[in-house]
Amino acid sequence: MGKNKLKKFSEMEQMDIVFQYPWAQLQESGFPMRGRWREDFFKNENPIVLELGCGKGEYAVGLAKAYPDRNYIGIDIKGARMWTGARQATEAGMGNVAFLRTDIELLPYFFAEGEVDEIWITFPDPQMKKVRKRLTSTRFLELYRRVLKAGGRINLKTDSPFLYTYTHILCQENGLQTEVDTDNLYGSGFDDYILKIRTYYEQQWLDRGLTIKYIRFVLDHDTALREPEVEIEFDTYRSFSRGELQCPELCKPKVTPNKK
């Protein structure tokens, strides 16, 4: 491990807004703030919003600045990336943002039922070959239900035509209410603060000519979720080197029903 990473990890150990709990510790004593984030950390009754796979934490910090009446928690397993947002929030003395270093599948160990009001998923790996690992699959939606309040919102922002199409179809087939659904966010006329926050990786995709897709939907707790039985053309541009990009027409994948 490089000295720079070790330095970042050391600095995060001293930050009051960063929480790192190994699996063994969770099993032994649990997370003491589970169900008490508002009382014990934020010291308010404001809504709690999670950014899953937060990377450098641009969204968690940007949204926390824009909406001081909401609490934001950036979650990622890679601490070296998280350090950027944690340092910015610490230096700015922000009281409505925190960072949690853990695996997304462990959310129920850190949050009680209904404790979370909204979830952001920003530019995740589309996991084109592994349905169970897609962060908008029915498996993960069931996981979110364990911490998200009834009627809570899920926000997906992605460069991936595959993941956008998959999530769009999943919402349709399960009757999940979509509040925003666009395959070209910056050309849609949608006017919201989210247009002013661009992650490091998002800007890279924009610079390479890709459109950004965005879906915001309501996750109820009653619908019996089922996986869409469709075949979606894989993204091909991700196999190219960083300096190459195929035609933007790739942002309109073909969808065909699975043959039974």
Side-chain angles (χ1 to χ4, degrees), residues 18 47-67 70-89 94 96-105 107 111 116-128 133-137 140-141 143-144 147-148 152-168 170-171 178-186 188 190 192-208 210-219 235 237-238 251:
V18 176
I48 291 177
V49 183
L50 308 183
E51 182 194 1
L52 305 183
C54 68
K56 295 177 182 290
E58 295 102 323
Y59 256 81
V61 173
L63 289 171
K65 287 180 179 179
Y67 302 105
R70 298 172 73 84
N71 303 314
Y72 292 87
I73 303 173
I75 299 174
D76 207 305
I77 195 62
K78 297 186 177 180
R81 295 178 183 174
M82 186 186 298
W83 170 85
T84 301
R87 184 188 64 173
Q88 291 174 352
M94 300 174 66
N96 66 326
V97 62
F99 288 89
L100 176 62
R101 186 183 177 195
T102 190
D103 193 295
I104 292 172
E105 297 191 24
L107 286 181
F111 302 95
V116 176
D117 294 83
E118 190 169 0
I119 290 175
W120 276 87
I121 306 169
T122 50
F123 299 92
D125 185 329
Q127 296 289 351
M128 293 178 284
K133 290 191 174 184
R134 290 176 205 157
L135 292 188
T136 56
S137 68
F140 273 95
L141 293 187
L143 176 70
Y144 304 152
V147 301
L148 192 67
R153 291 185 177 91
I154 304 287
N155 299 268
L156 170 69
K157 202 175 182 190
T158 180
D159 61 280
S160 167
F162 176 91
L163 185 60
Y164 164 75
T165 302
Y166 166 79
T167 307
H168 171 88
L170 183 145
C171 287
T178 55
E179 298 180 337
V180 183
D181 186 343
T182 175
D183 63 358
N184 185 5
L185 178 60
Y186 295 100
S188 65
F190 181 62
D192 196 279
Y193 186 82
I194 64 167
L195 295 179
K196 300 178 182 178
I197 306 175
R198 297 186 183 183
T199 70
Y200 172 79
Y201 295 103
E202 177 178 4
Q203 191 58 54
Q204 284 190 333
W205 298 126
L206 288 169
D207 290 344
R208 296 166 82 180
L210 286 174
T211 60
I212 303 302
K213 302 95 173 67
Y214 174 52
I215 297 180
R216 182 172 72 213
F217 62 94
V218 177
L219 182 60
D235 301 335
Y237 67 90
R238 286 177 174 266
C251 293

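Both backbone and side-chain heavy atoms feed into the values below; hydrogens, waters and symmetry mates do not. Position 1 is the first residue of the sequence; numbering continues from there.
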Asks: At their closest point, which heavy atom of L50 faces which heavy atom of F111, and how far apart are they?
Replies: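 What the structure gives for the nearest pair is CD2-CZ, 3.6 Å.
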
Asks: Measure from the side-chain N and O atoms of E179 to the backbone N and O of R216, and report whether any donor-acceptor pair falls under 3.5 Å.
Replies: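 Side chain of E179 to backbone of R216, a donor-acceptor pair under 3.5 Å: no, none is there.
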
Asks: Are F190 and T182 close enough that some pair of their side-chain heavy atoms sits under 4.5 Å apart?
Replies: no

Asks: Taking only residues two or more places apart in sequence, or in another chain, which ones meet N96 in a side chain to side chain contact (heavy atoms under 4.5 Å, CB included)?
Replies: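 With sequence neighbours excluded, N96 shows a side chain to side chain contact (heavy atoms under 4.5 Å, CB included) to A64, N71, Y72, M94, given in chain and number order.
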
Asks: Do any N or O atoms from the side chain of R153 and from the backbone of D117 form a donor-acceptor pair under 3.5 angstrom?
Replies: no

Asks: Testing the basics here: between A60 and V97, what is the closest heavy-atom pair and its distance to 0.1 Å?
Replies: O-CG2, 4.1 Å

Asks: Before you tell me yes or no, could you show the steps for I119 and L219 under side-chain contact (heavy atoms from CB on, under 4.5 Å), namely the whole-Å CA-CA distance, both residues' side-chain angles and the distance that decides it to 0.1 Å?
Replies: CA-CA 10 Å; I119 290 175; L219 182 60; over 6 Å; no

Asks: At what distance, to the nearest 0.5 angstrom, does CG of L148 lie from CD1 of I48?
Replies: 11.5 Å

Asks: Does the side chain of T136 reach to within under 4.5 Å of the side chain of I215, using non-hydrogen atoms?
Replies: no

Asks: State the OG1-CG distance between T178 and L170, to the nearest 0.5 angstrom.
Replies: 12.0 Å

Asks: Looking at F162 and D235, what are the two nearest heavy atoms and their distance?
Replies: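 Nearest heavy atoms, F162 then D235: N-OD1, 2.9 Å.
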
Asks: Find out whether T158 and T167 are in side-chain contact, i.e. whether some heavy atom of one side chain is under 4.5 Å from a heavy atom of the other.
Replies: no

Asks: Can you find a heavy atom in the side chain of F123 that is under 4.5 Å from one in the side chain of Q204?
Replies: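 They are not in contact (no side-chain heavy atoms under 4.5 Å apart), so the answer is no.
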
Asks: Supply the atom-to-atom distance R198 CZ to I212 CD1, rounded to the nearest 0.5 angstrom.
Replies: 8.5 Å

Asks: In Å, rounded to the nearest 0.5 Å, how long is the span from CG of N155 to CZ of F217?
Replies: 8.5 Å

Asks: Report the distance from atom CG of L185 to atom CD of E202, rounding to the nearest 0.5 Å.
Replies: 7.5 Å

Asks: Compare all side-chain heavy atoms of I75 with those of L107 and state whether any distance is below 4.5 angstrom.
Replies: yes

Asks: So which heavy atom on P124 is nearest to which on L135, and how close?
Replies: CB-CD1, 3.8 Å

Asks: Please work out whether the ring planes of W120 and Y214 are parallel, tilted or perpendicular, with thresholds of 30° and 60°.
Replies: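 If you compare the ring of W120 with that of Y214, the planes turn out parallel.
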
Asks: Which heavy-atom pair separates R101 from G79 by the least distance, and what is that distance?
Replies: NE-N, 3.5 Å

Asks: Quick one, F140 and L52 - any side-chain contact, counting heavy atoms below 4.5 Å?
Replies: no

Asks: Do P161 and K213 make a side-chain contact, defined as non-hydrogen atoms from C-beta onward lying under 4.5 Å apart?
Replies: yes

Asks: Just how far is it from atom CD of Q88 to atom NZ of K65, taken to the nearest 0.5 Å?
Replies: 6.0 Å

Asks: Provide the closest heavy-atom pair for S137 versus Y166 in the form atom of the first, atom of the second, distance.
Replies: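 In terms of heavy atoms, the two residues are closest at CA-OH, 3.1 Å.
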
